[in-house]
Amino acid sequence: MSNSGRRKPPLVADKRKPKTKPKPPAKPSSPRKPRKRAATKPRGGNFLTRGIFGVLRWIFRIVWGVGWRLTAVALLMLGGWVGYYYSTLPEASALLDGRARGSVTLLDRDSDVFAWRGDQFGGAVNAQAVSKHLRNAVIATEDRRFYMHPGVDPVGIASAISINLSEGRGPLSGHGGSTLTQQTAKLLCLGNEYVEADWESQTAYEADCRRGSLGRKAKEAVYALAMEAKYSKEEILSIYLNRAYLGGGAYGAEAAAQRYFGKHAAQLNPAEGAMLAGLLTAPSTLAPTSNIERSQNRASVVVGLMRDQGFLSDSEAAVALANPAELSQAAERQAGGYFADWVMSSGPEFFTRDTTEDVIIRTTLDQRIQRAAEAGLEAVFDEKLRKGSKVQAAVVVMSSDGAVRAMIGGRQTKVSGAFNRATQANRQTGSSFKPFVYATALELGYSSQDTVVDEPYCINIPGSGQWCPSNYDRRFHGRVTLADALKKSYNIPAVKVAESVGLDLVRKVASDFGIQSDLAAGPALALGASESTLLEMTGAFAGILNGGSSVTPYGLIELKLLGSDQPVMGAGGGIGERVIREDAARELTWMMSRVVDGGTGARAKLPDREAAGKTGTTQAARDAWFLGFTADYVAGVWMGYDDNTPLTGVTGGGLPAEIWREVMVRVQEGMPATPLPMDRPRVQPVQPQVAEQPQQQGTQGRQPAPRRQQNREGPITSILRQLFGG
């Protein structure tokens, strides 16, 4: 059946809740009017500002993006550079001695140090082992922030630039702001060791190491960073204290302490530590051996820095300022002066001037005698010479075996490396040569009591014409003994004797006694026309004193390498072959004693002992000599001008004799008086013994008179036996 047309039955839900009337539709609301915004004035710069800031932000992003990348790359490169240097650094102990040359320490006859040469190194020291005053002085002076920075100190660099600008210099001129580590890097030459084949000289190598270019400073900074990574602060400071040059040839604190103060680096007081630290800025200029007052002034500045930084209390600083450091006695004597220079030049070059080893040389020097010689010379020059005089003098004192005990090569005694007039100046000897003429005659059998006529005398010299010698007083004295002729230094008798015995034999005797210079060929030989050095002449006179044997002057006793007990070499001089018989030498000594006792050398007479000697004055008085001896020592004195200007009113019997006397009085002080080894001749009839007629140059002289005393033959006697027979 269909339901169409019927009402649908109500649903259950409808039965539960009654139907509500539907709400009427809401009235449409009136449209809301839009709010009007406040009108604003357009800003003309808005676009420009946004553009500028946009560009800046864009640039910043680029710079930042590129910058941090470049910084990272730079840091990586720096790290690699530091790492490379780090890998090349050896152990710290291998860097303590950086000298290219060795050193020479010279000891006197008592084995006391008196001189140093070469690059002196006193031995490795540890920063903790040296005196705290030296360590603190170095830090206060060179790098007060040493324990705070990593090798490079930006604060120090900024401070240095500020100081440079305030003083009117460029930012990198003057103060560099280098740390102690950077200075140590420079001392190490950035690890580039000296190789002789690669450099023109060691000086050129050192100059390259000290270059101050920006590139070099950058390398030093990197090397310093590597050192800080490799070594402790104490190791770096130890390297610096051992390698720093401190003037006077001293490398390192120990060598400098020994060089200037005669003590170890561990024993330095505040004043001494301050002086060494003060040398670091200019070691050659500020060295106390160059100018002690300047060194003390610099040290006082360092003491002030130590006080300001708390390393010294006010009272300690006051004591240091009131008692400045003083040189030791050895340093005061300026490194041995002329004597040390002579020993260095006389030894083998590879062990002295150019040694690569540390060498110890024991010498013949007697420091007491050296001081006596210096005092004697100074006394005469202060009293007898006008101020401003440029006349020079030299003195040599030696034993009869040729051992040199003192040497002065010029008026300025405290020098090193100066021209040595005792060993380097060849000057005419004048009448000081005459003893060798009479030595030849005595060896041939003449006596000091034989006679010769002092009269007008001329010799015809082939190729030169006639030569007529004259005496100093322009007078003739008739017949005189050989002893008187030497005593009064008569020229004509000396020429006659030389011609009589033969010039060739006179030259042989002189050369055998040690005069190695070229000797004149003509008769003027007898009057000292030849040149010689003071050292040679003094050595020849030593041969007369020792009884007629030659000597080779020497100053070196033995040479050892540091740390070795075995000598590498011994003395190179001493007594040699016999030249004349002993009895001839003793008679000649008596003749020479009369020169001092009333003769031309009377001003040399000593108050308490016998002495013998001979004066010498050359043509135009360009040179004045006095050479003589006591029983203990031989001494020679020379005076003259370096440019050969004639002396005014000076002869060998004047100022040189007085200097000799003043020197020998001081040398012999406190020593017992010993008689000279001489024989006074026996009284005998005086007979003419010397040929009176002039002879031609080159003759050998006549046959000698019979000997009055027989003794061991000398070389001349042997030669004459062969020449004349019997």
Side-chain angles (χ1 to χ4, degrees), residues 96-125 202 242-243 245-267 287 289 327-371 398-399 401-407 414 416-417 420 423 552-574:
L96 301 181
D97 184 0
R99 299 168 301 153
R101 295 191 306 153
S103 66
V104 179
T105 301
L106 293 107
L107 312 178
D108 65 12
R109 65 184 299 188
D110 297 320
S111 297
D112 293 327
V113 176
F114 74 92
W116 302 264
R117 291 294 187 273
D119 296 343
Q120 196 73 23
F121 184 66
V125 293
Q202 186 180 352
N242 280 282
R243 294 186 72 112
Y245 180 60
L246 293 167
Y251 284 80
E254 182 66 17
Q258 294 279 1
R259 172 71 179 84
Y260 299 129
F261 310 123
K263 59 175 66 174
H264 295 294
Q267 300 170 323
T289 48
L327 290 171
S328 66
Q329 289 186 357
E332 190 76 40
R333 284 189 285 275
Q334 292 290 317
Y338 297 103
F339 180 88
D341 289 343
W342 170 62
V343 170
M344 290 289 290
S345 66
S346 62
E349 188 171 343
F350 53 86
F351 275 138
T352 54
R353 283 92 71 199
D354 292 328
T355 179
T356 57
E357 304 287 342
D358 289 321
V359 175
I360 308 294
I361 297 178
R362 189 160 65 88
T363 73
T364 60
L365 180 72
D366 187 314
Q367 296 197 61
R368 182 192 67 82
I369 295 178
Q370 178 70 31
R371 291 191 294 271
M398 69 173 62
S399 302
D401 63 350
V404 177
R405 303 303 182 189
M407 179 180 289
K414 293 180 172 58
S416 176
N420 190 338
T423 62
T552 300
Y554 69 101
L556 188 153
I557 296 177
E558 65 177 16
L559 183 151
K560 295 180 180 179
L561 299 182
L562 183 65
S564 172
D565 293 331
Q566 296 300 319
V568 175
M569 63 177 293

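Throughout, numbering of the chain's residues begins at 1 and tracks the sequence.
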Output for pair (K560 NZ, I361 CD1), nearest 0.5 Å, gives 12.5 Å
- Sub-3.5 Å donor-acceptor pair from the side chain of T363 to the main-chain atoms of L556, do we have one? no
Check: D401 main-chain N/O paired with S399 side-chain donor or acceptor under 3.5 Å: no
The reported gap from OG in S564 to CG in D358 (rounded to nearest 0.5 angstrom) is 12.5 Å
task: Decide side-chain contact (heavy atoms from CB on, under 4.5 Å) for R259 and T289; before the verdict, give the C-alpha distance in whole Å, the side-chain angles of both, and the deciding distance to 0.1 Å.
output: CA-CA 10 Å; R259 172 71 179 84; T289 48; 3.7 Å; yes
| Should F339 and T364 count as side-chain neighbours, where that means a heavy-atom distance under 4.5 Å? | yes
ask   = Considering only heavy atoms from C-beta outward, does the side chain of K263 approach that of Q258 to under 4.5 Å?
value = no
- Say whether, by atom type as modelled, one donor and one acceptor occur between the side chain of Y260 and the main chain of G247 under 3.5 angstrom. yes
Shortest non-hydrogen pair, L96 vs R243, comes out as O-CG, 3.6 Å
Which of V113, D112, V343 passes side-chain contact (heavy atoms from CB on, under 4.5 Å) with L106? It is V343
Nearest heavy-atom approach of A115 to A340 is CB-CB, 3.8 Å
Smallest heavy-atom separation, I369 atom then A406 atom, equals CG2-CB, 3.8 Å
Closest non-hydrogen contact found for M398 with V404 is CB-CA, 3.8 Å
Value for CD (Q370) from OH (Y338), rounded to nearest 0.5 Å, stands at 10.5 Å
Looking only at heavy atoms, the pair that brings Y554 and G574 closest together is CD2-N, 3.4 Å
Exercise for the section: Evaluate the side-chain proximity of D108 to D366: yes if any heavy-atom separation is below 4.5 Å, no if none is. Expected result: no
- Are D341 and R117 close enough that some pair of their side-chain heavy atoms sits under 4.5 Å apart? yes
Rounded to the nearest 0.5 Å, the OG1 atom of T105 sits from the CD1 atom of I360 at a distance of 4.0 Å
CZ of F114 to CZ of R109, rounded to nearest 0.5 Å, is 12.5 Å
Are any of the side-chain heavy atoms of M407 and T423 separated by less than 4.5 Å? yes
*asked:* Side chains of L561 and V359, heavy atoms from C-beta outward: is any pair under 4.5 Å?
replied: yes
Report task. Output yes when a side-chain donor or acceptor of E254 lies under 3.5 Å from a complementary backbone atom of A124, and no otherwise. Result -> no
